[in-house]
Engineer: 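The structure follows.
Chain identifiers are assigned alphabetically (A, B, ...) following the order of the sequence lines, protein sequences preceding nucleic acid strands; residue numbering begins at 1 within each chain.
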Amino acid sequence: MSKTLLDIKNLHAEIAEEGKAILKGLNLTVKAGEIHAIMGTNGAGKSTLASVISGKDGYEITEGTVEMDGIDLLELDPDERAKEGLFLAFQYPVEIPGVSNINFLRTALNEIKEYRKEEPISAKDFMSMVREKSKLVELDAKLASRSVNEGFSGGEKKRNEIFQMAMLEPKVAILDETDSGLDIDALRIVAAGVNKLKNENNAIILITHYQRLLDYIVPDFVHVLADGKIVKTGDKSLALELEEKGYDWLTEAKTV
Amino acid sequence: MTVVATEKMEKFLSNLVVSSTLSQKEAAEKFRDMDFPTTRNEYWKYTRIGKITNKQFTNRFDQKKDIAIEDYIVSGQYIVIENGLVREDLSQYGLDFKIVFKTETQDSEKYGLDNSHVFTALNNAFYTQAISIHIAPKSVIEEPLQLIFVEHGTEVIANCRIEIEAGKSSQSSLIYTQISENSVSCFNNSITTIEVEENAHFTLHKLQTANDSSLSVSTEQVVQKANSTFKINTFSFSGLLIRNNINILVQGENCETFMNGAIITKDKEHIDNHTFVDHQVPNCYSNENYKYVLDGQSTGVFNGRVVVRKDAQVINAYQNNGNILLSEQASINSKPELEIYADDVKCSHGSTTGQLDENALFYLQARGISKAKARKLLVSAFVGEVIASVNNEKLSDLLHVILKREHNWDF
């Protein structure tokens with residue numbers, strides 16, 4: 001049996017300033033080698049889930065636990081979570097003028113290696129790694145030396161996220177609406193990259209609005225998130241059903 | 001009122017020995033009749049100078065045998081100035097720059113120096129030496145001349161006076177380095193006059209890194225002749241109270257003027273930059289970029305004034321002031337002043353103040369970079385362009401060493 005990489009139990013979270021509850025008892029178990037898709041309407045709490053797992057400020061965890069490979073994530077700073085092997089592909093990758101992609105990634109990679117008590121990567125090895133991994137998402141090597149996301153097109157930003165994922169080789173990757181706004185060519189490239197990075201030792205969580213992505217990255221499980229909880233879990237056929245019927249039948253059934 | 005001010009002046013002057021020369025005796029009398037400005041004076045609105053005016057500085061001190069300057073030397077040519085007095089025995093320079101130490105200054109009027117300015121009057125009365133630096137016409141000097149201003153002792157005032165003449169079609173640069181050797185509340189009150197002759201290129205780098213009790217007021221009074229280029233880069237990395245006045249009179253056509261500043265503060269430091277570019281003639285370009293990173297309870301002031309006179313057409317003048325506040329107690333007063341009397345000009349100014357971008361911080365953290373390191377990356381990206389404008393590897397290295405020492409930043 002493959003081991004559990006991410007274990008979320010009865011997670012309750014609210015927006016710290018407003019005290020507004022967003023997650024209301026969410027349970028999710030993700031094992032090594034699995035791809036999970038989380039779908040749901042706007043405001044269901046999908047992005048909040050990604051933010052809470054990765055440790056973004058502004059949310060208060062009022063109940064529940066999040067463990068990654070046996071480690072309590074909620075006790076860790078965002079960078080420590082990343083060092084333990086968590087990766088979040090941002091829905092809106094941030095532009096950081098003046099910080100080069102390369103410099104930033106090398107700093108990240110070496111901090112992660114230091115945390116894991118590994119030797120830092122040499123400049124030469126790093127550059128050949130950059131060349132190899134940027135091919136994976138057909139990212140122009142020139143973009144790698146530019147400022148982080150500055151002046152990148154929407155598609156380039158998303159490809160850059162997957163490129164970073166390839167460089168950092170996480171245990172658990174959460175892709176927050178990585179497909180939104182992509183044209184079909186860019187979507188294919190991103191999906192092909194993700195599929196290549198997927199193996200039996202890691203796990204991927206896709207947060208998405210659209211079933212379309214799941215034609216390219218085929219999930220083992222599809223979960224429906226509504227009102228802060230997972231209300232239904234199925235296989236990939238559930239996504240097709242949602243595409244056809246919408247979400248109302250799920251939430252209505254619950255209120256009855 | 002006058003009586004009170006005079007008492008204050010008398011007290012301020014009580015430990016200062018007036019020179020025996022007639023002109024300085026007169027200058028001392030002029031100074032005695034003045035008042036120190038208060039914040040009611042627009043020019044001093046955001047800078048209280050009580051930390052200076054409440055002291056009784058002395059201009060007497062015992063010369064140190066040795067001064068530890070090794071860590072600061074970034075050029076093969078340097079002059080060491082101890083509390084305003086040149087130490088020829090510790091200095092080293094060749095004949096590229098024509099250097100003369102004088103007891104009298106030239107006529108400061110031609111540079112437009114405002115002698116009614118109280119700190120100028122103070123300098124006029126108490127400078128002991130004027131360092132005259134002349135760059136011969138057509139000479140191209142690769143290696144910069146470094147002036148190392150060392151302060152030491154307690155409540156010692158240094159009235160430094162420097163006169164620079166960059167000859168026709170010459171190209172050269174100077175580096176000022178203000179440092180401290182165990183000084184307590186010392187005051188550096190300096191005046192530099194610079195004449196950039198026709199077609200000359202002259203650059204002045206100023207590194208201010210004395211200590212957290214140091215007080216400094218300096219004025220660079222610059223005149224630019226036709227087709228000349230003048231650059232000044234100011235790096236203020238430590239000091240309790242620093243006020244820099246840069247006044248540039250652009251008198252010849254087709255000139256270029258650049259002013260850059262990187263100001264990094266902590267604790268209760270107060271750093272004030274007042275710049276003034278006077279475009280008196282047409283067809284010139286000026287560009288100003290000052291970046292402040294303020295931490296602790298420190299305060300910054302930026303006042304950038306640009307005047308374009310009536311007949312000074314086709315002027316391009318750009319000004320940018322960006323500020324990052326790293327703590328809730330830090331503050332900045334930013335004031336651009338554009339006065340344009342000509343009609344065919346392009347002028348712009350921008351001022352931004354904010355904290356570090358939280359989203360960018362989180363993004364970096366989410367990739368495994370610690371918060372402290374992420375802050376450094378963002379700050380370095382912010383001031384990096386100013387430091388990069390130095391174009392001198394040794395100086396750039398020194399800037400990084402000082403940033404690490406004073407602010408624990410290793411970028």
Engineer: How close do B/Leu364 and A/Phe104 get, heavy atom to heavy atom, and via which atoms?
Structural biologist: CD2-CD1, 3.3 Å
Engineer: Can you see whether B/Asn359 engages A/Tyr92 through a side-chain donor-acceptor pair at a distance of less than 3.5 angstrom?
Structural biologist: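 The criterion, which ignores hydrogens and geometry beyond distance, is not satisfied for A/Tyr92 and B/Asn359.
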Engineer: Rounded to the nearest 0.5 Å, what separates atom OG in A/Ser51 from atom CZ in B/Phe362?
Structural biologist: 6.0 Å
Engineer: Select, from A/Ala82, A/Gly55, A/Pro78, the one with the greatest count of heavy-atom pairs under 4.5 Å involving chain B.
Structural biologist: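 The candidate making the most pairs under 4.5 Å is A/Pro78.
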Engineer: Distance check, rounded to the nearest 0.5 Å: A/Ile96 atom CD1 versus B/Asp357 atom CG?
Structural biologist: 7.5 Å
Engineer: Any side-chain heavy atom of A/Thr107 within less than 4.5 Å of one from B/Lys373?
Structural biologist: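 Yes, at least one pair of side-chain atoms sits under 4.5 Å.
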Engineer: Would you say NZ of B/Lys231 has more than 12 non-hydrogen atoms from neighbouring residues, nucleotides or ligands within 6.0 angstrom?
Structural biologist: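 Result for NZ/B/Lys231: open.
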Engineer: Flag the pair B/Glu358 and A/Lys56 as a salt bridge only when some basic side-chain nitrogen lies within less than 4.0 angstrom of an acidic carboxylate oxygen.
Structural biologist: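 Answer for the salt bridge query: no.
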Engineer: Compare all side-chain heavy atoms of B/Leu377 with those of A/Asn103 and state whether any distance is below 4.5 angstrom.
Structural biologist: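 Result yes, sub-4.5 Å side-chain heavy-atom pair found.
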Engineer: I'd like to verify something: which residue of A/Gln164, A/Arg81, A/Met167, A/Glu95 has the highest number of heavy-atom pairs under 4.5 Å with chain B?
Structural biologist: A/Gln164
Engineer: Under 4.5 Å heavy-atom distance to chain B, tell me which part of A/Pro170 shows up: side chain, backbone, both or neither.
Structural biologist: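 For A/Pro170, no heavy atom lies under 4.5 Å from chain B.
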Engineer: Within this structure, what is the CG-NZ distance for the pair A/Asp77 and B/Lys371, rounded to the nearest 0.5 Å?
Structural biologist: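 The distance works out to 8.0 Å.
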Engineer: Over all heavy atoms of both residues, which pair between B/Leu378 and A/Val99 is shortest? Give the atoms and the distance, please.
Structural biologist: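 Where B/Leu378 meets A/Val99 most closely, the heavy atoms are CD2-CG2, 4.5 Å.
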Engineer: Can you confirm whether more than 12 heavy atoms, excluding those of B/Lys404, are under 6.0 Å from its NZ atom?
Structural biologist: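 Check passes, neighbour count above 12.
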Engineer: Using a cut-off of 6.0 Å, state whether more than 12 heavy atoms not belonging to A/Asn201 lie near its atom CG.
Structural biologist: yes
Engineer: Around A/Lys113, counting heavy atoms of other residues, nucleotides and ligands shown, do more than 12 lie under 6.0 Å from its NZ?
Structural biologist: yes
Engineer: Would you check if B/Arg367 and A/Leu168 make a side-chain contact, meaning some heavy-atom pair closer than 4.5 Å?
Structural biologist: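 Side-chain contact under 4.5 Å: yes.
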Engineer: Just verifying a value: how many Å separate B/Ser370 OG and A/Glu114 CD, rounded to the nearest 0.5 Å?
Structural biologist: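 Between B/Ser370 OG and A/Glu114 CD, I get 9.0 Å after rounding to 0.5 Å.
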